[in-house]
Asks: 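My structure is below; once you've seen it, I'll send some questions.
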Amino acid sequence: MNDREHDIDGIEQALALVNREQPAVPAPGTAPAAPPAPARSPAETVALPQPDAPAGHTEADPGPAPGGHSTATPWAEARAVAARTGRAVPARPRRVPLAQALGQVLAEPLTALTDLPSFDTSAMDGWAVAGPGPWAYRQGTGILAGRAAPEPLSDGEAVRIATGARVPADTTAVIRSEHARADEAKLRLHVRREVTPGQDIRPRGQECRTGDRLLPAGSVVTPAVLGLAAAAGYDVLATIPRPTVEVLVLGDELLTEGLPRDGMVRDALGPLLAPWLRALGADVLDTRCLGDDPQALRKAVLGTEADVVVTTGGTAAGPVDHVHPFLATAGAELLVDGVDVRPGHPMLLARLAPDTHLVGLPGNPLAAVSGLLTLAEPLLRGLAHRPTPEPYRAPVRDGIPGHPVSTRLVPVTHRTDPRTGAEHSVPLHYNGPAMLRGIAAADGLAVVPPGGARAGDELEILDLPWAEGCFT
Ligand SMILES: Nc1nc2c(c(=O)[nH]1)N[C@H]1C(S)=C(S)[C@@H](COP(=O)(O)OP(=O)(O)OC[C@H]3O[C@@H](n4cnc5c(N)ncnc54)[C@H](O)[C@@H]3O)O[C@H]1N2
Ligand code: MOO
């Protein structure tokens, strides 16, 4: 098998129908020690057992609520609460030089400070002419870009002109150099084709007039917006700064390098969260691993300078799950305490101070991703006062089993139906709460309603931010 075939097979392994019967969940401790063998054929892949249910309870059995609380917030409501919470924090707009505005959000509409173009401009290198030809011209370089107003043209006159130069008053057209023939001896200009009045002139104000609204408040400053702002006369922009985030990774069992050993596992969330949060529009101040030390957690959260603290792990009710007890003693207001979503149901959102919030992500890695998209993304969007994007929906190729009462988030990849050419989403295998293999091959997460979806159903898709964002 060559490398390319091997790659395709690797992706196909992650791709699988998830509408097959769910496998029996092995009792704790009886799960096969060896991972599924690599490089199987797609047909074999479909038949693979699906190691995608959290140990201890199945998708059909929601299990006990973490921390003993029973009132989980419905998924859509949790997202709305997070967005509202962010928007309720007053924005702190400031004026920054263009070079510092990238990735921030416009606090005011971008209004043209000038006409664009601000003068009638030649769109081509060639000749500015007045009236019908042939035309008389004078020797010389003619009119160059960046020069002050040239002399008006008289009828029957032509002058050489460069792209971007001001067109003289009374010019009727610009003729591209390759469409004209200059008789050097007689200083006469002849045209090789018909001349249309106004051709190759960009009239003043063609793109906008002074005062025109170019972009609404809330637009993200992209490289293209920086260019437009500069063209429209801006040196500084009023922007809402990117919210700041500090990531606190909890768990004594986590290793930051090397192979898992002695019951310890590699920290998968430290490396994942900072770039993901940046792609969601945050500035990540720091990522720290705190172990399972309640004092360290307390000190770090109460001492944070970030707008948002994101914790991972410790959200459930285990002996070293310190997040709930800490929030209770810190007098934090729990805005969302558990969400009706699989994976990720123990996620939480708390207000620590009027302008400081904490998002508690569950420790299981895909559950943490679920919390990131359910709570952190709308909270950061609200804090940055970015508009809510239109939900994006796509048909799913395969049926997806649902949870009886909770929403499921299932990694999917976008594919083109080879028969019809239509786009559809294909649910990925390895979508269990502790797994990242599916999401690493995914283009998005399908929002599967309670009860599940049938093949062809249109589901909301949460896009992964790398398609639209930068990682810096
Ligand atoms: N009695 C109950 N136990 C659990 C419930 C429940 O409802 N009742 N919910 C389960 C679910 S669902 C989840 S999700 C987890 C959430 O637990 P925590 O947020 O407290 O997370 P931990 O216990 O610290 O870790 C869970 C799991 O994830 C691994 N982990 C943690 N951090 C990382 C990391 N940075 N990188 C990689 N893996 C990580 C950790 O080793 C555990 O295996 O609770 C269930 N329990
Ligand atoms: O199912 Mo938990 O919610 O593993 O995330």
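First listed ligand is number 1; within each ligand, the first listed atom is number 1. Atoms considered below: every heavy atom in the structure, side chains included; atoms not considered: hydrogens, waters and symmetry mates. Positions are given from 1, in the same order as the sequence printed here.
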Asks: Of all the atoms in ligand 2, which lie at a distance below 4.0 Å from a heavy atom belonging to Ala367?
Replies: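 In order of number, 5 (O).
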
Asks: Relative to the heavy atoms of Asp267, which atoms of ligand 1 are at a distance of less than 4.0 Å?
Replies: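 Ligand 1 atoms under the 4.0 Å threshold to Asp267: 34 (C), 35 (N), 36 (N).
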
Asks: Show me which atoms of ligand 1 lie under 4.0 Å from any heavy atom of Glu253.
Replies: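 Selected atoms, number and element: 31 (C), 40 (C), 41 (O).
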
Asks: Do the charged groups of Glu377 and Arg79 touch, with an N to O distance under 4.0 Å?
Replies: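 A salt bridge links Glu377 with Arg79.
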
Asks: Can you tell me which residue pairs pass the side-chain hydrogen bond (donor to acceptor under 3.5 Å, both in side chains) test with a partner in residues 287-297, sequence neighbours excluded?
Replies: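 For residues 287-297, and leaving out neighbouring residues, the side-chain hydrogen bond (donor to acceptor under 3.5 Å, both in side chains) pairs sorted by first residue read Glu246-Arg288.
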
Asks: Which is it for Leu254 and ligand 1 at heavy atoms under 4.0 Å: side chain, backbone, both or neither?
Replies: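 Near ligand 1, Leu254 shows its side chain, while the N, CA, C and O stay back.
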
Asks: Atom CG of Asp398 and atom OG of Ser425: how far apart are they, to the nearest 0.5 Å?
Replies: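 The CG atom of Asp398 sits 10.0 Å away from the OG atom of Ser425.
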
Asks: If the test is side-chain hydrogen bond (donor to acceptor under 3.5 Å, both in side chains), which one of Gln104, Arg95, Gln100 qualifies with Thr239?
Replies: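 Answer to the side-chain hydrogen bond (donor to acceptor under 3.5 Å, both in side chains) test with Thr239 among Gln104, Arg95, Gln100: Gln104.
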
Asks: Any atom of ligand 2 sitting under 4.0 Å from a heavy atom of Pro362?
Replies: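 It does not, in that no heavy atom of Pro362 comes within the 4.0 Å cut-off of ligand 2.
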
Asks: Would you say Ala367 has any N or O atom under 3.5 Å from an N or O of ligand 1, going by distance alone?
Replies: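 Checking ligand 1 against Ala367, no N or O pair falls under 3.5 Å apart.
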
Asks: So, does Arg266 sit close enough to ligand 1 that a heavy atom of it is under 4.0 Å from the ligand?
Replies: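 In this structure, Arg266 qualifies as a contact of ligand 1 - some heavy atom is under 4.0 Å.
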
Asks: Mind checking what makes side chain to side chain contact (heavy atoms under 4.5 Å, CB included) contact with Pro325, not counting sequence neighbours?
Replies: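 Residues passing side chain to side chain contact (heavy atoms under 4.5 Å, CB included) with Pro325: none at all.
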
Asks: Please report the interatomic distance CZ(Arg342) to CG(Leu366), rounded to the nearest 0.5 Å.
Replies: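 Between Arg342 CZ and Leu366 CG, I get 13.0 Å after rounding to 0.5 Å.
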
Asks: Looking at ligand 1, does any of its N/O atoms fall within less than 3.5 Å of an N/O of Ala268?
Replies: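 Yes: some nitrogen or oxygen of Ala268 is under 3.5 Å from one in ligand 1.
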
Asks: Would you call Val308 and Thr244 a side-chain contact if the rule is heavy atoms closer than 4.5 Å?
Replies: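 A side-chain contact is absent here, since even the closest heavy-atom pair is not under 4.5 Å.
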
Asks: Would you call Arg415 and Asp443 a salt bridge, taking side-chain N to carboxylate O under 4.0 Å as the test?
Replies: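 Judged by the 4.0 Å cut-off on N to carboxylate O distance, Arg415 and Asp443 do not form a salt bridge.
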
Asks: Atom CZ of Arg278 and atom CZ of Arg242: how far apart are they, to the nearest 0.5 Å?
Replies: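 Reported value, rounded in 0.5 Å steps: 8.5 Å.
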
Asks: Just go through Pro433, Gly344, Ser370 and tell me whose heavy atom is the nearest to atom 5 (O) of ligand 2.
Replies: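 Result: the heavy atom closest to atom 5 (O) of ligand 2 is in Gly344.
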
Asks: Could you list which atoms of ligand 2 come closer than 4.0 Å to a heavy atom of Pro343?
Replies: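 Those qualifying, in numeric order: 1 (O), 3 (O), 5 (O).
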
Asks: Residue-level breakdown please: for His345 versus ligand 1, do any non-hydrogen atoms fall below 4.0 Å on the side chain, on the backbone, on both, or on neither?
Replies: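 For His345, only side-chain atoms sit under 4.0 Å from ligand 1.
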
Asks: Between the side chain of Thr163 and the main-chain N/O of Asp125, is any donor-acceptor distance below 3.5 Å?
Replies: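 The answer is yes, because a donor-acceptor pair under 3.5 Å joins these two groups.
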
Asks: Enumerate the atoms of ligand 2 whose separation from the nearest heavy atom of Pro346 is less than 4.0 angstrom.
Replies: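 The list of qualifying atoms is 3 (O).
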
Asks: Give yes or no for whether the N/O distance cutoff of 3.5 Å, strictly under, is met between His345 and ligand 2.
Replies: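 Yes; the residue has a nitrogen or oxygen that sits under 3.5 Å from a nitrogen or oxygen of the ligand.
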
Asks: Got a second to check how far Arg209's CZ is from Leu116's CG, nearest 0.5 Å?
Replies: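 Atom-to-atom, Arg209:CZ and Leu116:CG are 10.5 Å apart.
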
Asks: Below a 4.0 angstrom heavy-atom separation, can you tell me which part of Asp321, side chain or backbone, both or neither, approaches ligand 1?
Replies: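 Answer for Asp321: side chain.
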
Asks: Is there a polar contact, in the sense of an N or O pair closer than 3.5 Å, between Gly314 and ligand 1?
Replies: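 By distance alone, the answer is yes.
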
Asks: With a 4.0 Å cut-off on heavy atoms, does Gly318 reach ligand 1?
Replies: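 So Gly318 does not count as touching ligand 1.
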
Asks: With nothing but distance in play, are any N or O atoms of Asn364 less than 3.5 Å from an N or O of ligand 1?
Replies: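 Between Asn364 and ligand 1 (N or O atoms, distance only) the closest approach is under 3.5 Å.
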
Asks: Within ligand 1, which atoms have a heavy atom of Val249 less than 4.0 Å away?
Replies: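 Ligand 1 atoms under the 4.0 Å threshold to Val249: 35 (N).
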
